[in-house]
Structure formats: structure tokens, C-alpha cells
Amino acid sequence: MKELISSITKDYLYRLIKDGKRLDGRGLLEHRKLDIETGWIGTAEGSARVHLGDTDVIVGVKMSTGEPFPDTPDRGVMITSAELIPMASPTYEAGPPREDATELARVVDRGIREGKVIDMTKLCIKEGEEVWLAFLDMHILDFDGNLFDACGIAAMAALLDSTVPAETFGFGEDYPLPIDHVVIPTTFYKIKEQIMLDARLEEEMISDARLTVGTNEKGEIVSMQKGLSGVFDYQDTLFCIEKSKEIGDSIRALMKK
Amino acid sequence: MNDKKELKRELLLPGDLIEDEGVKPGRGTFKRDGKIYAATLGIKTVRSGYVNIAAQSGRYDPKKGDRVIGTVTDVNSSIWMVDLNAPFPAVLHVNDVPWRVEFGDTKRYIDVGDAILVKISNVDELKKIQISMDEEGLRKLNNGQVIEIAPSQVPRVIGRKGSMISMLKNYTDCRIYVGQNGRIWIDGPLEGQYVAVKAIQMIEEKAQVIGLTDAVEEYLKAETGKVLEVDKENV
Amino acid sequence: MADEDVKLIDEKGIRLDGRRFDELRPISIEAGVLKRADGSAYLEWGENKVLAAVYGPREMHPRHAQNPSRAVVQARYNMAAFSVPDRKRPGPDRRSVEISKIMSEALEEIVFVEQFPRASIDVFVEVLEASAGTRCAALTAASVALADAGIPMSDIISSCAAGKIDGQIVLDLGKKEDNYGEADVPLGMVPSSGKITLLQMDGNLTLEEYKQVMELAMGACKKIYQLQRDALKRRYSTSLKNFEEMADDTEEV
């Protein structure tokens, strides 16, 4: 099943966007109301629920211990997964993750991994034998577009909220998950030559191309993902990166509160 | 607002007993052991001897004669499949359009993605929905846009004696058609459409505000800069 | 289930979390919390956090599962990976498949399924945090979500468990009580008529104890029913306010 939008409504959206306007009156580079709530899942080591407009996601972090990968014997392991559960949209079906969910999980994962968000060396218990495993599970509750930013922000907030449950596992005192960097993804959508931030569902449905840029607090780019069958030109990407830094900073400031 | 009238109104939940005497079970009710109960969540109304529950939520339940706005999802050589936001897709047959369509020529008249204004001509026992475009006013919608609200909010967008919808039209210079299925067609100047959409969203979001009509009018005045004295009692 | 080492009730009859034998954990319910779903409800019950969403009536897929004379109620009970102390692998396991089945059957009893031939009414319950009694929490939330979705139904189902711990009959077992107690009986019922729509039991009870357990659970269902009603009334009572500004349902435009 696919989301439905009529041709005349598409045309209206195109005309609006050409004028630099959006359905809900936002500016092209303005995101929807962002609400971050951390720590309300007691069974998780860390959690965050993020509302981005009507998009509603929850990310929980669970930790246990296990063997490290042979090539990184002194580092912890992070495993990320996303579920597009049928609660979130009439078009989602129960069953194993589809391509969309896999891409989403991998893009969020890349931002955190490549951005060296977690100091993995501090998650080593005994080199080559036992390390901490951090499971990052993303649960999509209500889908109204732009899961990349909602999940990426929720994942970052959940990690900042996490405690390593050392005591439970008999490895001394609990300690906060060691976080080195705060990576924030921002996703841009290109519709008829206009570039806009944070598409809601109707906008996402008519988007030609999508670009997610993850930046850290130093303004460095740590991950990118271009999606959909349309294209960006080089100048577009520079523009998106520039804006991503600014917007990322404003969201990072929000998270510190 | 009239306080007395408000007091009479009652919100019922499924399974609630209806105690009014001498009424017959109407829409949204059911009878068990000689007593009438509410079957859906909604507001109780009594009219011409029947007690009905005006649902406050839920999907569109197609009824014969309703005028609705559909989106075409599929075409074959003799029918169009149309989404009405109802439990099932509806079927529009080539014989039920105002044109003489040659076999296999359907796509030339109405294509996937087109928005159409149609009438429910029949809903059978298996809830199969037939629709027709062969009546005055029914047509393919060529310009403007279609937005969607909860079907239960349709009476609010129309307003008492059509007061809300006339006001929207007058202030925004748009043509607006409210389908019974909660789809609303709006056509007119871009600026007007934009304001109309915002005003309708306001009606949906602030459904609970007393004096909603006045609040929406304030918004329309501010946005359009127009001053109109709409006679709300007699539109 | 039984473990003699853990003391669950003290001399004064107070349980580990401070409750007396006939007390429920705190429960709060909110109706209409999701945008995309046709109806939804969020429920907190002690440490339990569950979210229920309803879609439908809508065309049933796969088609061969359609019933030509009535709708099929399909409930899906699912636990988030982070909802339990040891991470749960995503996806259905035997336990959640069983709970989904008995929930579907319980809800089918109250829905006027014959009004929607060929359709499905889908109920999705996500357990976000679990702490004993999630099936009762799920069924209670699902009923509210169904009413919120405007689904025609004859009643609302309320659900609660009671059981036996340290040789005593108690209401609404908490996590430790569930783990170390002697019996647990989750009940789903229609409080107005007393009809039982869900019933399970595990452990060991005499007939006399069973009667006491049921009495406690049935009494609690009535209290929970009131909370469900309050949640729905809170969400919709405001629609009464400007009812006079609305078009009559017979009005043509």
C-alpha cells in the first residue's frame, strides 16, 4: 500500500513551494516543533521520545556484555535497528524490516559511529574477551515524514541519557555512557529546484531528492546520505552542509537544556 | 452561547443506556433486551422520534446519496477504482460518467491521481461501493487542491445553516466543496487557498472552542484584510 | 512459580510496593494520542507503559483471509526491544502471538463485526515498558483506542489480574509478585454485564481461592472501566461545547 496524494494537490504544493511557501506556513529552512523527552523508559539504559511535528519516535538503549569483534578487541560494540511498526502508518505492515527501515537504521548508525559519538575504548571490559554491547532500538510510533532527523535526534538524546549498567553485571559502579561528540542529522528535501528542511509527509511524498547531513559540535561533517531518484548539484550540497551546521547547533543547544 | 441547549447535550460511550422514553433506535445505536444503547462514541440527538448518536470520530461510512471527493487509484478498460477514505475502494463504471467512453479509452478521461467529485449511487450488503459522476455538479476536479479532515468534523466546517463555509468562501474568494467523506476541495487565488486551508485546520484543531465561528472570522479578517458583514442567521 | 525465600507481604499485610491486598497500582489513560491512526490510547499502569492504535474498518489483506459476512478483528501485541530488563529480540515470539490471539478474540466479542463484511479492524499494541500485567494493560488500552476510533461496539472491555502471593489473595500482581507468587489470573470482562472475554490462569488455587481472586479482579475491572470512560470523556466532552454551531447531520450544502 502507498500513501495517496491527488495530482491537483501535488500541483498546488509545487506552486506554493515555488513561491517559497509551505503548507504549514514554515520557512523553507525551518523545522517543525521539536520536542525531546528523555529518560522515561525505566527498563532501558537510556531513552528518548522525540516529536518532530506529528512524527513521533522513541529510541531506547539497552546494554549487555559480549565478545568484541576480532579487529577491534578493545572496543565496545553498537548495534542499531529500526522498526516501522504498523501502528505508525496505514501503509506499514508487520514483518521483517523493509528496505526503508534498514536504510533508516544504517543512516542513524553511521552518524553515531563515524561521528565517534561514543568513546568505545571505555566500553572494554577485558581486551579481546568481553566488552559492552550497546543496542540502539528505534521504534516509530507515528509517521508524518522525516524519520531520519526524528530518529537521529532521538538516538543522540537517548545515548546522552544512558548509563552503563556495570553494577548489574558485576563490573563495579554504574557510569554514564562516555560520550565524546554530539552529532545531529539534518535532512533536506529538494522539490522542483527548491531545497527545504524537514519535510512533513505530503512534502516528502512529492520530493525529488533527499540529503541527510550529520555534523558534530565542531561543525565537521560526519555522515551523509543522498536518497530518492532525483538529483542535487554540487552547489546544493554545499548549501545543505552550511545550513546543517547552523541548524545542528541550535538543536544541540536545545539538548543541553 | 445558549447554556440551556448545551446542558441537554450528552456525550455517550459504546454500551451506554439511552433512557429517553418513546424513541426509536437510530444511527449509532443498538437494541438489546428491549432497551436502546449507544454503539459508537458520540453526541446524542433526538429527531423525529429517533435517537441518533452523532459520531465524533471514525472513518467515513459511505451512504447512498452522499457527495464525496475521491482519488483515482487504478484504471482498467471499463472501470476506475477510487479511494474515498472509506473502508473499501469504490468502483466508477464507464456507464456512470457524463461522457461516452469507448472500451479501453478510460485513461484519456480520468487517470490515476485525479481528484473527482462523485455521488454514492449504491452500497450493497457486502459494503461494495458504487459511485456515479453522471449528475449535475459532479465532475473531475481540474484545479485547486484537496485537503482532508476527519469526517466527523464535516458539520463543523459547514457550520449551522452553512454559515461557516459561506464565510470561508466570502473571505478567501475561493470555491470550496466539502465532501461528506471529509475531503475538501478548494480552488481560487493561491493566497486565498492558503488562508482557507489554515482556517479549516483551525476549525479542526479548535473544534472545542465556544464561539468558533467568531474566532475563525477574526482570523479571516486579519489574514485577508477584508471586512464583510455576513448575516450568520440567514445565509 | 513459588519461591519460599522471597517475602512478598509483611506482617501488617503491606506488599513490597506499599499496597494493601486489594489495591491497584496507579493507572492513567489518555485517549487520542496519535495522528495517523484512526483511534489511539496511551496507558500507564504502575511501571507499564503501553500504546494502542486502531486502523479500520479497512480492506483486509490478504484477501483470502476476508470473511464475506463480517469484519475480522486483528490485534497485534508487540514488545519494544527496550521494554524489558534483558533486551528482547524484535518481532513476534510465541508469547506475543498467543496474547495477540486471545486479545483479538476478546475484542471481537464487543465489536459489531457484522456491520463490516470483508473488512479488518486492526489493533496494534506496543508495550514500551513492561512490568507485569502487560496483557491486561494492553486490552484495557485497546478498548479505549477502539472507542476513540469510532468503531461501533456493544461495550467496553476492562481488564485486570489478581492472584496469590505468600498464601494470600491479592489484586494486580507487580513484577516480583508475578515472579515469586503462587498464582496469577488475568481477567478481561465487560463490567456492565459481567461477561468474561479473557481469562487465563497459571499457578495453583483452590476453588475457594479462585472465587476470591475473581471477586477482586471483577471489582477492579469496574474501577478501571471508570478510568477508561473518564479518558474518553476528557477527549471528547469539549466537542459538546460548540455543537450548536454545527450543521445538522441532515443538512445539505
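Chain A is the first sequence line, chain B the second, and so forth, proteins listed ahead of strands; every chain is numbered from 1.
Atom-to-atom distance recorded for C/Y55:OH and A/Y92:OH is 9.0 Å, nearest 0.5 angstrom. Rounding to the nearest 0.5 angstrom, the gap separating the CG atom in C/L51 from the CE atom in A/M87 is 4.0 Å. Between A/K62 atom NZ and C/S83 atom OG the span is 9.0 Å, to the nearest 0.5 Å. Here the OG1-CG distance, from A/T43 to C/D86, works out to 10.5 Å after rounding to the nearest 0.5 Å.
The neighbour count for A/K122 NZ, taken as heavy atoms of other residues, nucleotides or ligands under 6.0 Å away, does not exceed 12. Heavy atoms of other residues, nucleotides or ligands lying less than 6.0 angstrom from NZ of C/K176 number 12 at most. Surrounding CD of C/E114 are more than 12 heavy atoms belonging to other residues, nucleotides or ligands, all under 6.0 Å away. Under a cut-off of 6.0 angstrom, the local environment of CZ in A/R106 is sparse, with at most 12 non-hydrogen atoms contributed by other residues, nucleotides or ligands. At most 12 heavy atoms of other shown residues, nucleotides or ligands fall within 6.0 angstrom of atom CZ in C/R20.
Counting heavy atoms from C-beta outward, C/N78 and A/E83 have side chains that approach closer than 4.5 Å. The closest side-chain heavy-atom distance from C/P90 to A/D137 is below 4.5 Å. Side-chain contact between A/V59 and C/F82 is absent, with no heavy atoms from C-beta onward closer than 4.5 Å.
Across C/H61, C/K49, C/E47, the residue that shares the most heavy-atom pairs under 4.5 angstrom with chain A is C/K49. For the options C/R87, C/R76, C/E126, heavy-atom pairs under 4.5 Å to chain A are most numerous at C/R87. Among A/S89, A/S81, A/A94, A/A88, the residue making the largest number of heavy-atom pairs under 4.5 Å with chain C is A/S89. For the set A/A44, A/P165, A/P86, the count of heavy-atom pairs under 4.5 angstrom toward chain C peaks at A/P86.
At a 4.5 Å heavy-atom cutoff, the contact between A/I85 and chain C is made by side-chain atoms alone.
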For C/R36 and A/L201: C-alpha separation, side-chain torsions, deciding distance, then whether side-chain contact (heavy atoms from CB on, under 4.5 Å) applies. CA-CA 11 Å; C/R36 297 303 301 278; A/L201 183 65; 3.2 Å; yes

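In plain terms, the two heavy atoms of A/G42 and C/E129 that are nearest each other are N-OE1, 2.7 Å. Residues C/L128 and A/I41 share a closest heavy-atom pair of O-CD1, 3.6 Å.
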